[in-house]
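Quick notes on the structure that follows.
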Amino acid sequence: MRLRKAARVILIGAPGVGKGTQSERLLQRFPQLSSISSGDLLRHHVKQRTPLGIKVESTMKAGGLVPDDLMLRLISNELTRRGWIYSGHPSGNVMTLASSSASFLLDGFPRTAAQAERLDAIVPINLAVSLRTPLEVIVQRIGGRWVHEPSGRVYNTTFNPPRVPGRDDVTGEPLVRRPDDSEEVYRARWERFRETSEPLLEHYARKGVLWEVHGLSSDEITPKLFREFERRFVE
Ligand code: AMP
């Protein structure tokens, strides 16, 4: 389906709520969208043993938050690399949106109100989606989560199983568990999410772009999300 208006969207949700799944489905439904997942970008750096990757590895393993400055640099580099923003000032400090028609989805970034404020200065977000699923339901789900690391595709043995168990649908490569999907680390991440998401949600509510969607499963949330996208960006 074609978007008629530029969609600059962020997905906000507790870890394990299905942000990755919804991103994938949105990209399939609206081929003009591209997505950036901050977690995938970071995991890529860790895997490649880049200086940034080495710096953030222990924080990620412990379920902590990577410092805002590092995150901002990582995301604005990626937006620049994709040609969505450019440095419009010789100092390189002032970034400008390259095309008002670029439509994209940010998954996992911004995570804090401070990050959101700094992102606003670069890219005006026009929809912040808050994905809501009860804690007990997510805890159950985390146990069944498998990922295809090279692509970031996420599966769940209960809700979204791969066609062949343990194998990626597209490449057939093996799926792995994320090191930070242990229950203990999960609890730390949930706590961190609760602390930081309140001000983040308030930030976007104040801007008038916050939209909440509730559901017990990804399948329940997806049609609501599609409808809202169509209402805002297609009709
Ligand atoms: P995710 O795959 O989005 O759950 O991210 C995995 C880990 O990467 C998180 O637990 C954080 O340690 C780190 N991370 C991802 N995005 C951010 C962000 N926007 N700010 C700080 N840390 C982040």
Side-chain angles (χ1 to χ4, degrees), residues 8-24 26-27 35-79 104-123 125 128-131 133 135 138-139 141-156 160 175-201 203-204 218:
R8 292 183 295 268
V9 180
I10 69 159
L11 296 182
I12 305 169
V17 77
K19 297 191 296 286
T21 301
Q22 301 301 345
S23 298
E24 243 175 70
L26 284 167
L27 296 194
S35 79
I36 295 180
S37 152
S38 56
D40 287 347
L41 278 181
L42 288 167
R43 277 184 287 276
H44 179 76
H45 278 271
V46 170
K47 209 163 172 207
Q48 301 294 314
R49 314 297 307 153
T50 68
L52 185 138
I54 292 165
K55 211 182 256 179
V56 302
E57 187 171 22
S58 58
T59 306
M60 288 180 71
K61 278 222 174 94
L65 283 179
V66 172
D68 290 345
D69 277 340
L70 283 187
M71 289 309 303
L72 253 296
R73 214 176 316 142
L74 180 76
I75 296 292
S76 53
N77 281 347
E78 186 62 17
L79 291 170
F104 52 82
L105 203 62
L106 299 182
D107 165 4
F109 180 90
R111 279 265 222 295
T112 65
Q115 289 178 3
E117 232 145 78
R118 292 178 61 181
L119 180 67
D120 280 346
I122 308 174
V123 179
I125 293 301
V129 176
S130 169
L131 300 170
T133 299
L135 171 63
I138 300 179
V139 167
R141 235 157 53 180
I142 284 276
R145 179 148 87 168
W146 292 81
V147 297
H148 178 242
E149 267 193 329
S151 68
R153 276 185 287 277
V154 181
Y155 299 89
N156 191 287
N160 177 32
L175 302 176
V176 297
R177 303 230 5 123
R178 280 202 204 150
D180 58 2
D181 271 353
S182 81
E183 204 180 315
E184 194 190 340
V185 171
Y186 178 74
R187 255 188 265 117
R189 294 172 74 201
W190 169 271
E191 206 38 57
R192 192 63 73 134
F193 172 75
R194 259 180 15 121
E195 283 166 17
T196 55
S197 66
E198 280 301 313
L200 184 63
L201 296 171
H203 174 93
Y204 287 111
S218 294

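Counting convention: from 1, in listed order, for ligands and their atoms alike.
Between Arg111 and ligand 1, at least one N/O pair is under 3.5 Å apart. In terms of polar-atom proximity, defined here as any N/O pair under 3.5 Å, Lys19 makes no such contact with ligand 1. At under 3.5 Å, a nitrogen or oxygen of Arg189, whether backbone or side chain, sits near a nitrogen or oxygen of ligand 1.
With a 4.0 Å heavy-atom cut-off, ligand 1 is reached by the side chain of Leu42 but not by its N, CA, C or O. When heavy-atom distances to ligand 1 are checked against a 4.0 Å cut-off, Arg178 comes that close only through its side chain, counted from C-beta outward. Counting heavy atoms closer than 4.0 Å to ligand 1, residue Met60 contributes atoms from both its backbone and its side chain.
Contact atoms of ligand 1 toward Gln115: 18 (C), 19 (N), 20 (N), 21 (C) (distance under 4.0 Å to a heavy atom of the residue). The contact set between ligand 1 and Phe109, taken as ligand atoms under 4.0 Å from a residue heavy atom, comprises 19 (N). Below 4.0 Å from some heavy atom of Arg43 lie the following atoms of ligand 1, by number and element: 2 (O), 6 (C).
Looking at Gly64, Ala14, Gly39, Ala188 and measuring to atom 11 (C) of ligand 1, the nearest heavy atom belongs to Gly64. Closest to atom 22 (N) of ligand 1 by heavy atom, among Val66, Val46, Leu11, is Val66.
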Show, in sequence, the C-alpha distance, side-chain angles and deciding distance for Arg118 and Asp69, and conclude whether the salt bridge (Lys or Arg N to Asp or Glu O under 4.0 Å) test is met. CA-CA 10 Å; Arg118 292 178 61 181; Asp69 277 340; 2.7 Å; yes

Glu191/Arg194 under salt bridge (Lys or Arg N to Asp or Glu O under 4.0 Å): CA gap, chis, key distance, verdict: CA-CA 5 Å; Glu191 206 38 57; Arg194 259 180 15 121; 3.1 Å; yes

For Ser35 and Asp107, what are the C-alpha separation, side-chain angles and deciding distance, and is it a side-chain contact (heavy atoms from CB on, under 4.5 Å)? CA-CA 7 Å; Ser35 79; Asp107 165 4; 5.7 Å; no

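Checking Ile122, Asn77, Leu119 one by one against Leu72, the side chain to side chain contact (heavy atoms under 4.5 Å, CB included) holds for a single residue, Ile122. Only one option out of Leu41, Leu65, Leu42 pairs with Met71 in a side chain to side chain contact (heavy atoms under 4.5 Å, CB included); it is Leu42.
Using a 4.0 Å cutoff on heavy atoms, Arg192 does not count as a contact of ligand 1.
Contact between Ile54 and Arg49 at its shortest, heavy atoms only, is CD1-O, 3.6 Å.
No donor-acceptor pair closer than 3.5 Å links the side chain of Tyr204 to the backbone N or O of Val129. One N or O on the side chain of Gln115 and one on the backbone of Arg111 form a donor-acceptor pair closer than 3.5 Å.
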